[in-house]
Amino acid sequence: MSTRPLSTLVPMWQAEVRIDLDAIRDNVATLRALTPAEVMAVVKADGYGHGMLPAARAAVAGGATWLGVCTLDEALELRRGGIRVPVLAWLVAPGLPLERGVAADVDLNAAGTEQLAEVVAAARRAGRSARVHLKLDTGLSRGGAPLAEWPHLLEAAGKAQADGEVEVVGVWSHFACADVPGHESIDRQLASFAEGLALAERYAITPRYRHIANSAALLTRPDTHYDLVRAGITIYGLSPLATEHASRLRPAMSARARVSLTKRVPAGQGVGYGLTYMTPRESTLALVPLGYGDGVPRHASNVGPVRLGGRNRTVAGRVSMDQIVVDCGDDPVAPGDVATLFGPGDDGAPTADDWAAAVGTINYEIVTRFGSSRVPRVYDGSAGVPAADVTPAPGDGEAQ
Ligand SMILES: *Cc1c(COP(=O)(O)O)cnc(C)c1O
């Protein structure tokens, strides 16, 4: 039984994903200090679950001079949100209304002559030249023109540029194994990129921006930075590297929920669907209202870490769609208490890295999953936000 006043038992929120915008700004500033190159903040997939527009604004406040997204829609949403810095959208599919991107000053990717032809057609429809980045496949075998097709793309781009239909702003590529420092493919891809750039020069294509580095290459390989680095996971304060923790970065996302119910149960009580957890002794179970419908991976059943009542515990039984259960033993946990699934790791609470390790995935997937719309996303800090829009700090809202 809790003896606290009613106001804390009727909380403002039952679950929330908190985003520290100042952390995003400061992380970008930290990354900028690591390189003379410009920083493109990658805010695809709703800013890795952090909210694309707020993340973008905070990143720009921290010194990002470019933004990177996957889809044309994402790029247009940035423009609608008033973002003025250059934006590159890299996943161009056939039939898209690319002229809208051209009209909105969105940089488009061309990974082959067919894609370049689409961009040229879009430029004609828009009645102005398109800004384009030519992508070379240096070994990832995903987007990008293979080296054998590269001369054809360069020739077509050179012609389109001479005709005033496109401006080749960038030549770029993407690493396969930059998160494994020392992997032999990194040098191979870098050599292939240099070869591609040399070939481009022979076709008189000398773009202002040559870029291949992602977060991992930004942290570990200064020789890959060229003119621009594309930083995603690190702007959110997480490390792409299994080995080296990026200690100067601060994780921006926290996922928390208030215990909705506690109950005393005897030893040997099965918990959750399938009864995959048995209480080892009489104990208090706490219901935490976050489930796989909110972003908690179902693979966290019986392994996901949760901080509750001043201790780190483990999800008891299966993750349901809407809730998880935590076995609190004899600790005095009560409804309204805050359970932290992950956050910046203050006071020893779990992090997105801990969740990734427990579940067998990467921190990228953990935070991106929590971009789910059911959980209210609350913003802390003021980076990039007009003063009137700043949300109250934790606890401020309780008396309202
Ligand atoms: C997502 C993405 C990035 C960012 O990668 P991080 O590892 O998060 O820094 C960079 N470039 C491309 C092409 C991407 O798709």
Side-chain angles (χ1 to χ4, degrees), residues 24 27-28 30-32 34-35 37-50 52 55-56 59 62 64-72 74-75 78 86-93 106-111 115 132-145 169-181 183 185-186 189-190 193 209-221 224-246 249 251-253 352-353 356 361-369 371:
I24 295 177
N27 291 333
V28 171
T30 299
L31 298 169
R32 277 202 60 184
L34 295 177
T35 178
E38 290 184 46
V39 172
M40 173 189 286
V42 179
V43 294
K44 64 193 179 187
D46 207 12
Y48 291 38
H50 295 67
M52 182 175 68
T65 50
W66 279 79
L67 293 169
V69 291
C70 172
T71 69
L72 177 64
E74 290 174 320
L78 286 172
V87 173
L88 171 62
W90 49 67
L91 218 122
V92 173
V106 170
D107 288 36
L108 299 169
N109 173 39
Q115 283 190 352
V132 70
H133 296 234
L134 306 178
K135 188 169 191 186
L136 175 65
D137 181 359
T138 54
L140 176 62
S141 307
R142 213 176 59 179
V169 177
V171 165
W172 71 303
S173 190
H174 194 37
F175 283 119
C177 304
D179 58 328
V180 185
H183 195 282
S185 67
I186 300 170
Q189 286 197 257
L190 203 54
F193 190 54
Y209 292 97
R210 302 158 297 170
H211 51 110
I212 185 169
N214 55 5
S215 287
L218 165 57
L219 292 177
T220 63
R221 290 288 299 253
T224 65
H225 293 182
Y226 282 97
D227 311 304
L228 180 66
V229 295
R230 303 186 306 270
I233 196 71
T234 41
I235 78 165
Y236 307 105
L238 298 171
S239 175
L241 307 166
T243 45
E244 175 196 324
H245 185 66
L249 302 174
M253 181 187 286
D353 289 325
T361 184
I362 51 176
N363 50 18
Y364 296 67
E365 188 185 354
I366 297 297
V367 290
T368 304
R369 294 176 66 99

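Order of listing sets the numbers, starting from 1, for every ligand and every atom in it.
Note: Trp66 and His133 meet the aromatic proximity criterion, with ring centroids under 6.0 Å apart.
Atom CG of residue Leu218 and atom NE2 of residue His225 lie 4.5 Å apart, to the nearest 0.5 angstrom.
Contact record, Val132 with Ala110: CG2-CB, 3.7 Å, taken as the closest heavy-atom pair.
Using a 4.0 Å heavy-atom criterion, the residues that approach ligand 1 are Val42, Lys44, Tyr48, Trp90, Arg142, Trp172, His174, Asn214, Ser215, Arg230, Ala231, Gly232, Ile233, Tyr364.
In terms of modelled atom types and a separation under 3.5 Å, the side chain of Glu365 and the main chain of Ala356 share no donor-acceptor contact. Counting only distance, with no hydrogens or angles, the side chain of Asn109 and the backbone of Val92 share no donor-acceptor pair below 3.5 Å.
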request  = May I have the step-by-step check of side-chain contact (heavy atoms from CB on, under 4.5 Å) for Leu31 and Leu249, ending in yes or no?
outcome  = CA-CA 9 Å; Leu31 298 169; Leu249 302 174; 4.2 Å; yes
